[in-house]
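Before any comments, here is the structure.
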Amino acid sequence: MKAIILFLTIIAGVYAANPHVYAALGDGIYNNANKIAKLKNVKSYAAFAPKVDTYIKKVKETKELGFAVESGEKKDQAKTYLKRLRTLAKQNDFFVRSANSLFESSLKKGDYKSVMELLDTGIIDTKRNRNKIVSFWEEHKGQFEPKGEFKRVIQESELRKNTKSSAEYYRKLKKLREQEKIRRLREKDKRRQEQLQKKLEEELKRKKRQIEEEQKKELGEK
């Protein structure tokens with residue numbers, strides 16, 4: 001059991017980083033994958049959910065190949081790896097464009113649920129869209145309760161507007177961002193624990209099946 005836990009811990013550590021081979025192209029894809037996966041939480045993006053699943057699966061497989069190429073285990077497949085990255089880069093761009101297009105459409109329609117869900121994915125650039133988000137809130141204030149990333153943007157905007165001195169503003173802003181960072185780290189840690197637990201359960205099931213098959217063979221021989 002300890003050996004299995006150690007093995008899975010090592011694997012989890014490896015997958016926290018990205019392959020260094022073609023990192024200029026790969027990093028953007030791998031670092032954006034979790035954001036794209038969150039698009040499944042956006043109800044108005046439901047039609048693309050199967051496409052998201054397929055994409056995330058390919059990203060994971062490509063990442064595994066990248067590590068294998070980097071380690072030398074499959075260094076002869078470097079060109080194949082690069083080809084896969086280029087394909088994934090195009091798909092990544094599609095998800096980013098479609099998410100931003102849906103965001104713009106949701107703002108115009110007053111669809112606050114989609115706006116908040118899209119902002120929570122991390123795909124939408126909040127700095128570039130700050131004024132639009134604040135204007136949307138001013139227009140629909142009282143119609144819904146701000147949550148998540150939407151709430152953070154509004155809080156920062158209110159803080160900037162109501163704080164008299166720049167020193168006080170940055171002090172309060174720092175505190176606000178630290179609280180948000182803690183929340184995100186807790187969510188990330190929870191996801192990692194769930195993934196590790198899932199891998200452990202799958203490994204235990206595999207071991208159990210292996211033992212059962214060996215026992216059947218032994219009984220058959222007797």
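Computed from heavy atoms alone, side chains included, the values below leave out hydrogens, waters and symmetry copies. Since the model is a prediction, treat every value here as computed from it, not as a measurement.
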Specify the closest pair of heavy atoms between V21 and G66, including all atoms of both residues, with the distance to one decimal.
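Smallest heavy-atom distance, with atoms named: CG2-O, 4.4 Å.
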
Can you run down the salt bridge (charged side-chain N to carboxylate O under 4.0 Å, His left out) pairs that involve residues 18-30, sequence neighbours left out, and say none if there aren't any?
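Residue pairs with at least one partner in residues 18-30: there are none.
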
Going by salt bridge (charged side-chain N to carboxylate O under 4.0 Å, His left out), name the pairs with one or both residues in residues 33-49, residues two or more places apart or in two chains.
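Found K40-D53.
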
Interatomic distance, E70 atom CD to L65 atom CG [nearest 0.5 angstrom]:
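Here the interatomic distance stands at 11.5 Å.
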
Run the numbers on E156 and R152 for salt bridge (charged side-chain N to carboxylate O under 4.0 Å, His left out), then give the verdict.
CA-CA 6 Å; E156 283 195 12; R152 186 194 66 77; 2.5 Å; yes

Would you mind reporting whether [Y] and [X] have side-chain heavy atoms less than 4.5 Å apart?
X	Y	result
S157	R130	no
F150	F136	yes
I36	T121	no
F103	I133	yes
L118	I123	no

N31: which residues meet the side-chain hydrogen bond (donor to acceptor under 3.5 Å, both in side chains) condition with it, sequence neighbours left out?
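Scan of N31 (side-chain hydrogen bond (donor to acceptor under 3.5 Å, both in side chains), adjacent residues dropped) gives N18.
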
Under the side-chain hydrogen bond (donor to acceptor under 3.5 Å, both in side chains) rule, collect the residues that match up with Q197, sequence neighbours excluded.
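For Q197 the side-chain hydrogen bond (donor to acceptor under 3.5 Å, both in side chains) partners, ignoring immediate neighbours, are E201.
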
Return all side-chain donor-acceptor pairs below 3.5 angstrom for residues 44-52, not counting sequence neighbours, or 'none' if the list is empty.
| residue | atom | partner | partner atom | Å |
| --- | --- | --- | --- | --- |
| S44 | OG | S114 | OG | 2.8 |
| Y45 | OH | S98 | OG | 2.6 |

Side chain to side chain contact (heavy atoms under 4.5 Å, CB included) partner of L119, chosen from V153, V42, T126:
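Looking at V153, V42, T126, the match for L119 under the side chain to side chain contact (heavy atoms under 4.5 Å, CB included) is T126.
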
Hydrophobic cluster identity match, F67 and I29, side-chain contacts under 4.5 Å
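No, F67 and I29 fall in different hydrophobic clusters.
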
I'd like to check the side-chain contact (heavy atoms from CB on, under 4.5 Å) partners of Q193; sequence neighbours left out, ordered by chain and number.
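D189.
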
Per-pair distances, 0.1 Å, donor-acceptor, side chain in residues 139-147, under 3.5 Å, sequence neighbours excluded:
| residue | atom | partner | partner atom | Å |
| --- | --- | --- | --- | --- |
| H140 | ND1 | Q143 | OE1 | 3.2 |

What pairs of residues pass the side chain to side chain donor-acceptor pair (under 3.5 Å) test when at least one of them lies in residues 99-109, not counting sequence neighbours?
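Found E104-K132.
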
Under 3.5 Å donor-acceptor pairs involving side-chain atoms of residues 76-95, not counting sequence neighbours:
| residue | atom | partner | partner atom | Å |
| --- | --- | --- | --- | --- |
| Y81 | OH | Y30 | OH | 2.9 |
| T87 | OG1 | K83 | O | 3.2 |
| N92 | OD1 | N32 | ND2 | 3.0 |

